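Below is one structure; the comments refer to it alone.
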Amino acid sequence: MPRFRYQCSSCGQRFRREEVRYLCPQCGRDYRPGMPLTGVLEAQFDYGAIRKKFRKDKPDWSLFSAVEKRFFPPIPVGNTPFFQSVALGDELGFDSVWIKNDGLNPSASLKDRASFLVVAEANRLKERTIVAASTGNAASALAAICAAAGKRALIFVPQNAPKAKLVQMILYGATVVPVKGTYDDAFRLSLEYTAKRGGLNRNTAYHPLTIEGKKTVGLEIWWQNNWRVPDAILVPTGDGVIIGGVHKAFCDLKAAGLIPRLPRLLCVQAEKSNAIHRYVETGCYENAAHPDTVADSISVSIPSNAHLARRAVLDSGGFSITVSDDEILEGQRILAARTGVFAEPAASAVVAALKKLRGSKRLLRKAQIVLLITGHGLKDVEAAMRSIALPAAVEPALAAIEAALEARSAKGVR
Ligand SMILES: *Cc1c(COP(=O)(O)O)cnc(C)c1O
Ligand SMILES: [Zn+2]
């Protein structure tokens with residue numbers, strides 16, 4: 001049995017895992033659609049036991065897991081590459097830039113981590129159907145893990161979700177319901193659905209194990225960084241669950257006495273989807289009125305985990321920054337051209353943010369910086385096409401090719 005209690009992040013009350021499923025029964029009662037969640041639950045482990053048992057020469061990560069290994073779905077998730085890019089550091093003006101490439105998960109986004117743990121929980125609870133609202137990636141992740149686990153995924157997505165993500169969900173065998181409305185509408189509808197019809201709801205932050213699942217990326221960064229804490233981690237932020245999960249990872253490690261300090265967490269949002277950014281900067285929460293951005297995965301009007309996301313930034317000594325769509329697409333091109341990593345726009349936002357921070361006192365040149373690349377670029381090729389032109393075809397003769405190449409170099413095009 002994993003040793004943990006759920007603790008309400010609003011009132012501090014503790015619960016056994018059998019006593020609660022989603023939000024704190026008291027604080028969650030105040031929740032109304034149209035605002036960030038209140039009473040989000042956090043798993044608190046027996047940190048003294050972890051301290052005694054955890055060994056770096058033979059790390060037992062199940063000590064940090066809220067679901068027993070025997071319930072894990074039969075599909076490997078995580079253990080994605082972590083590496084330094086000198087070329088990207090040179091381009092952006094920082095000495096030590098590292099990439100955690102979570103686009104290389106099975107469904108090509110970090111969301112697989114949350115879906116993995118929630119589906120494990122569904123195995124434990126013997127729930128057959130898992131329901132989620134998603135801008136795309138959470139749903140394609142849930143569909144993939146459900147396919148592997150033999151479960152039914154019921155998914156509500158806004159009708160404008162990128163095609164590749166919809167194709168993924170359907171190919172994995174999920175039941176997909178595109179909703180004529182926003183992600184926030186889909187979120188509300190999925191809560192109404194599970195309240196009435198049952199099944200396990202995987203909505204981000206609403207199910208506490210979405211935070212715990214995303215936490216694993218933070219544990220991996222520590223391990224892959226030779227058990228050192230990087231100075232800063234840039235996190236693309238929509239609902240604020242990834243940044244909350246990364247924070248939770250390092251809080252768990254610190255509580256277990258395994259690390260001396262937290263990394264600074266830098267919240268990166270799109271200019272028009274900036275509710276958490278403003279909340280961090282001003283202390284006052286307000287929805288983002290028109291969260292219109294090319295970075296669909298971080299396009300959120302009402303970020304469900306706004307409260308914990310703000311706490312993650314402030315508690316870690318980090319800060320928040322926004323980037324425009326043009327900057328995001330430029331970040332996408334820089335990342336691809338300098339590192340060979342093709343990231344979707346949401347993930348590329350962190351590259352844009354780092355470019356903006358060049359020469360800033362807020363982030364020193366010599367700091368060890370981690371860019372959390374959360375999703376693969378092939379998920380949204382149309383977005384990338386906005387900032388490039390495909391070359392025209394030439395006659396199949398060497399002379400024609402030479403002429404075309406010359407014309408291009410004259411224009412300064414590759
Ligand atoms: C979901 C997602 C994010 C944002 O995560 P939140 O937990 O909503 O803040 C960032 N990038 C990608 C690719 C995502 O799918
Ligand atoms: Zn509470």
Side-chain angles (χ1 to χ4, degrees), residues 1-9 13-29 31 37 39-46 61-78 106-107 111-134 138-156 169 172-175 177 187 189-216 241 244-245 248 304-305:
M1 263 277 275
R3 289 160 75 181
F4 76 97
R5 291 270 185 279
Y6 283 121
Q7 183 167 23
C8 171
S9 58
Q13 199 182 327
R14 293 182 160 226
F15 305 91
R16 280 179 293 110
R17 83 191 321 193
E18 305 303 342
E19 289 179 300
V20 284
R21 197 175 256 204
Y22 304 117
L23 304 174
C24 167
Q26 279 81 45
C27 306
R29 213 173 352 180
Y31 168 68
L37 297 175
V40 172
L41 296 175
E42 294 182 286
Q44 297 294 342
F45 291 80
D46 179 347
W61 298 111
S62 68
L63 292 168
F64 292 90
S65 175
V67 184
E68 295 85 341
K69 246 191 199 155
R70 67 176 186 280
F71 297 116
F72 283 3
I75 176 171
V77 164
S107 85
K111 296 288 196 292
D112 285 342
R113 297 177 183 272
S115 292
F116 183 85
L117 202 62
V118 174
V119 173
E121 178 75 345
N123 277 334
R124 188 181 75 82
L125 297 171
K126 301 191 173 63
E127 286 280 8
R128 205 185 98 71
T129 299
I130 301 145
V131 183
S134 164
S140 39
L142 179 62
I145 310 292
C146 280
K151 302 255 178 228
R152 173 169 177 250
L154 174 58
I155 284 159
F156 301 89
M169 296 167 213
Y172 290 134
T175 304
V177 185
F187 194 94
L189 283 165
S190 75
L191 294 184
E192 288 173 11
Y193 182 92
T194 40
K196 183 155 180 224
R197 308 292 300 261
L200 190 63
N201 191 302
R202 178 240 179 264
N203 277 8
T204 197
Y206 183 69
H207 198 299
L209 296 188
T210 53
I211 302 175
E212 285 298 306
K214 289 177 172 184
K215 171 182 94 174
T216 57
V241 175
K248 178 63 163 44
S304 53
N305 205 36

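As the structure is a computational prediction, the values presented were derived from the model and not from experiment.
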Exercise for the section: Mark yes or no for whether Lys215, through its side chain, and Phe64, through its backbone, hold a donor-acceptor pair below 3.5 Å. Expected result: yes
Problem - Those residues that, when tested against Tyr22, pass ring-ring contact (aromatic ring centres under 6.0 Å, His included) (two or more places apart) - result: Tyr206, His207
Handout entry: Side-chain heavy atoms of Cys24 within contact of Tyr6, under 4.5 Å
Key = no
Problem - Candidate pair Glu212 and Val67, rule side-chain contact (heavy atoms from CB on, under 4.5 Å), full reasoning - result: CA-CA 10 Å; Glu212 285 298 306; Val67 184; over 6 Å; no
Fill in the blank from the handout: Here the gap from Phe156 atom CZ to Ser134 atom OG, rounded to the nearest 0.5 Å, amounts to 12.0 Å
Handout entry: Value rounded to 0.5 Å, distance of CD in Glu127 from CZ in Arg21
Key = 4.5 Å
Practice task
Nearest 0.5 Å please: distance from the OG atom of Ser65 over to the CZ atom of Phe71.
Solution key: 11.0 Å
Exercise for the section: For Cys146 and Ile130, run side-chain contact (heavy atoms from CB on, under 4.5 Å): C-alpha distance rounded to whole Å, both residues' side-chain angles, the deciding distance at 0.1 Å, then the answer. Expected result: CA-CA 8 Å; Cys146 280; Ile130 301 145; 3.7 Å; yes
Problem - Polar side-chain atom of Thr210 near backbone of Thr204 as donor-acceptor pair, under 3.5 Å - result: no
Problem - Atom pair CG/CZ of Leu209 and Arg113 - distance to nearest 0.5 Å - result: 15.5 Å
Exercise for the section: Quick one: list whatever passes side-chain hydrogen bond (donor to acceptor under 3.5 Å, both in side chains) with Gln44, sequence neighbours left out. Expected result: Tyr47
Handout entry: Side-chain donor/acceptor of Ser140 to backbone N/O of Ser107, under 3.5 Å
Key = no
Problem - Leu117 to Phe72 - nearest heavy-atom pair and separation - result: CD1-CE1, 4.3 Å
Exercise for the section: Could you grab the distance from atom OG1 of Thr194 to atom CG of Leu200, nearest 0.5 Å is fine? Expected result: 8.5 Å
Handout entry: Spatial distance of atom CG (Asn201) from atom OG (Ser190) [nearest 0.5 Å]
Key = 4.5 Å
Handout entry: Stepwise side-chain contact (heavy atoms from CB on, under 4.5 Å) test for Leu191 and Tyr31
Key = CA-CA 12 Å; Leu191 294 184; Tyr31 168 68; 3.7 Å; yes
Exercise for the section: Mind listing the closest non-hydrogen atom pair of Ala205 and Leu23 along with its distance? Expected result: O-CD2, 4.5 Å
Practice task
Using a strict cut-off of less than 4.0 Å between a Lys/Arg side-chain nitrogen and an Asp/Glu carboxylate oxygen, indicate whether Arg17 and Glu68 qualify as a salt bridge.
Solution key: yes
Handout entry: 4.5 Å side-chain heavy-atom contact, Ile145 and Lys151
Key = no
Handout entry: Summary of salt bridge (charged side-chain N to carboxylate O under 4.0 Å, His left out) pairs that have at least one residue in residues 191-211, sequence neighbours excluded
Key = Arg188-Glu192
Exercise for the section: Applying ring-ring contact (aromatic ring centres under 6.0 Å, His included), name anything that partners Phe45, two or more places apart in sequence or on another chain. Expected result: Phe4
Exercise for the section: Work out which heavy atom in Ala132 is nearest to a heavy atom in Leu142; give both atom names and the distance. Expected result: CB-CD2, 3.7 Å
Completion exercise
Nearest heavy-atom contact between Ala149 and Val119 is CB-CG1, 3.6 Å
Problem - Residue pair Cys27 / Cys8: nearest heavy atoms and the distance that separates them - result: SG-SG, 3.6 Å
Problem - Evaluation steps, side-chain contact (heavy atoms from CB on, under 4.5 Å), between Asp112 and Ile75 - result: CA-CA 10 Å; Asp112 285 342; Ile75 176 171; over 6 Å; no
Exercise for the section: May I ask you to decide if Lys214's main-chain N or O and Lys248's side chain share a donor-acceptor pair within less than 3.5 Å? Expected result: no
Fill in the blank from the handout: Minimal heavy-atom distance between Ser9 and Glu42, with the atoms involved, is CB-OE1, 3.7 Å
Completion exercise
Residues passing the side chain to side chain contact (heavy atoms under 4.5 Å, CB included) test with Arg152, sequence neighbours excluded, are Arg128, Thr129, Leu154, Thr175
Handout entry: Any residue meeting salt bridge (Lys or Arg N to Asp or Glu O under 4.0 Å) with Arg5, in chain and number order, not counting sequence neighbours
Key = none
